[in-house]
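The structure under discussion appears below in the form of C-alpha coordinates.
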Amino acid sequence: MSMTKVELETFVEGTTHYFRTAANQPASVGSPYLVNEGAPGIQEYTGIITIGGKRKGIVYFTASRPMLTVLLMRLGETEMTHENMCDLVGEVANQISGNARRDFGREFMIS
(Lines give C-alpha, C1' and ligand atoms only; values in the text may rest on other atoms or scores of the structure.)
Protein backbone atom coordinates (compact mmCIF):
# COMPACT_ATOMS: atom_id res chain seq x y z
CA MET A 1 0.00 0.00 0.00
CA SER A 2 1.57 3.27 -1.13
CA MET A 3 1.50 6.46 0.85
CA THR A 4 -0.63 9.27 -0.49
CA LYS A 5 0.72 12.73 -1.18
CA VAL A 6 -1.21 14.07 1.82
CA GLU A 7 0.25 11.39 4.10
CA LEU A 8 3.77 12.11 2.89
CA GLU A 9 3.25 15.84 3.47
CA THR A 10 2.59 15.03 7.15
CA PHE A 11 6.24 13.98 7.48
CA VAL A 12 7.54 16.95 5.52
CA GLU A 13 5.51 19.36 7.65
CA GLY A 14 6.59 17.59 10.85
CA THR A 15 10.23 17.95 9.86
CA THR A 16 10.02 21.61 8.88
CA HIS A 17 8.03 22.35 12.03
CA TYR A 18 10.74 20.76 14.19
CA PHE A 19 13.51 22.89 12.71
CA ARG A 20 11.42 26.06 12.72
CA THR A 21 10.48 25.73 16.39
CA ALA A 22 13.28 23.79 18.10
CA ALA A 23 16.23 25.30 16.24
CA ASN A 24 14.62 28.58 15.18
CA GLN A 25 15.93 27.76 11.71
CA PRO A 26 13.78 27.05 8.66
CA ALA A 27 14.54 23.79 6.87
CA SER A 28 14.80 23.65 3.12
CA VAL A 29 12.99 20.65 1.73
CA GLY A 30 13.97 18.80 -1.40
CA SER A 31 11.78 16.30 -3.15
CA PRO A 32 10.47 13.75 -0.64
CA TYR A 33 10.45 10.13 -1.67
CA LEU A 34 9.64 6.69 -0.38
CA VAL A 35 12.32 4.02 -0.28
CA ASN A 36 10.88 0.69 -1.32
CA GLU A 37 14.02 -1.24 -2.18
CA GLY A 38 17.65 -1.12 -1.20
CA ALA A 39 19.27 0.83 1.58
CA PRO A 40 18.32 4.48 1.93
CA GLY A 41 21.11 7.05 1.84
CA ILE A 42 22.56 7.65 5.26
CA GLN A 43 24.99 10.13 6.71
CA GLU A 44 27.22 9.99 9.79
CA TYR A 45 24.32 9.87 12.29
CA THR A 46 20.90 8.33 11.83
CA GLY A 47 17.91 8.10 14.15
CA ILE A 48 15.43 5.34 13.30
CA ILE A 49 11.88 4.88 14.57
CA THR A 50 9.95 1.73 13.60
CA ILE A 51 6.30 2.17 12.70
CA GLY A 52 3.56 -0.41 12.71
CA GLY A 53 -0.20 -0.72 12.63
CA LYS A 54 -2.00 0.30 9.46
CA ARG A 55 1.39 1.21 7.97
CA LYS A 56 4.65 -0.66 8.48
CA GLY A 57 8.14 0.70 7.93
CA ILE A 58 10.58 3.17 9.43
CA VAL A 59 10.93 6.87 9.88
CA TYR A 60 14.54 7.92 9.86
CA PHE A 61 16.41 11.15 10.17
CA THR A 62 20.00 11.23 8.98
CA ALA A 63 22.47 14.08 9.29
CA SER A 64 26.13 14.93 9.04
CA ARG A 65 28.26 15.84 12.05
CA PRO A 66 28.55 19.50 10.91
CA MET A 67 24.77 19.82 10.62
CA LEU A 68 24.25 18.33 14.06
CA THR A 69 26.95 20.58 15.52
CA VAL A 70 25.07 23.65 14.29
CA LEU A 71 21.76 22.26 15.50
CA LEU A 72 23.18 21.48 18.96
CA MET A 73 24.58 25.02 19.19
CA ARG A 74 21.18 26.48 18.23
CA LEU A 75 19.64 24.34 20.96
CA GLY A 76 22.11 25.79 23.49
CA GLU A 77 24.27 22.69 23.90
CA THR A 78 27.97 23.33 24.49
CA GLU A 79 29.25 19.73 24.36
CA MET A 80 29.50 18.39 20.82
CA THR A 81 30.03 14.77 21.87
CA HIS A 82 29.21 11.63 19.95
CA GLU A 83 26.58 10.81 22.58
CA ASN A 84 24.85 14.18 22.20
CA MET A 85 24.80 13.77 18.43
CA CYS A 86 23.26 10.30 18.76
CA ASP A 87 20.67 11.63 21.21
CA LEU A 88 19.80 14.48 18.87
CA VAL A 89 19.19 12.39 15.74
CA GLY A 90 17.05 10.04 17.81
CA GLU A 91 15.10 12.98 19.22
CA VAL A 92 14.48 14.47 15.78
CA ALA A 93 13.26 11.12 14.41
CA ASN A 94 11.07 10.70 17.49
CA GLN A 95 9.57 14.18 17.12
CA ILE A 96 8.78 13.62 13.44
CA SER A 97 7.17 10.26 14.24
CA GLY A 98 5.24 11.72 17.16
CA ASN A 99 3.86 14.50 15.00
CA ALA A 100 2.80 11.93 12.40
CA ARG A 101 1.10 9.81 15.07
CA ARG A 102 -0.84 12.86 16.22
CA ASP A 103 -2.09 13.34 12.65
CA PHE A 104 -2.65 9.66 11.77
CA GLY A 105 -4.11 8.55 15.09
CA ARG A 106 -3.84 5.32 17.04
CA GLU A 107 -3.40 3.15 13.94
CA PHE A 108 0.08 4.65 13.52
CA MET A 109 2.20 2.90 16.15
CA ILE A 110 5.76 3.97 16.83
CA SER A 111 8.50 2.16 18.73
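Basis for what follows: all heavy atoms, side chains included, without hydrogens, waters or symmetry-related copies. Numbers for residues simply follow the sequence, beginning at 1.
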Minimum heavy-atom distance [X]-[Y], with the two atoms named:
{"X": "E44", "Y": "P66", "result": "OE1-CD, 3.9 Å"}
{"X": "N99", "Y": "G14", "result": "ND2-O, 3.8 Å"}
{"X": "A93", "Y": "G47", "result": "CB-O, 3.5 Å"}

[atom1] of [X] to [atom2] of [Y]: how many Å apart, nearest 0.5 Å?
{"X": "F61", "Y": "T46", "atom1": "CZ", "atom2": "OG1", "result": "9.0 Å"}
{"X": "M67", "Y": "L72", "atom1": "CE", "atom2": "CG", "result": "10.5 Å"}
{"X": "R74", "Y": "T69", "atom1": "CZ", "atom2": "OG1", "result": "13.0 Å"}
{"X": "L71", "Y": "M80", "atom1": "CG", "atom2": "CE", "result": "9.5 Å"}
{"X": "E91", "Y": "Y18", "atom1": "CD", "atom2": "OH", "result": "6.0 Å"}

Measure from the side-chain N and O atoms of [X] to the backbone N and O of [Y], and report whether any donor-acceptor pair falls under 3.5 Å.
{"X": "T50", "Y": "I58", "answer": "no"}
{"X": "T62", "Y": "Q43", "answer": "yes"}
{"X": "S97", "Y": "N94", "answer": "no"}

For the residue pair [X] and [Y], establish whether any side-chain heavy-atom pair is separated by less than 4.5 Å.
{"X": "R20", "Y": "H17", "result": "yes"}
{"X": "P26", "Y": "F19", "result": "no"}
{"X": "M85", "Y": "L88", "result": "no"}

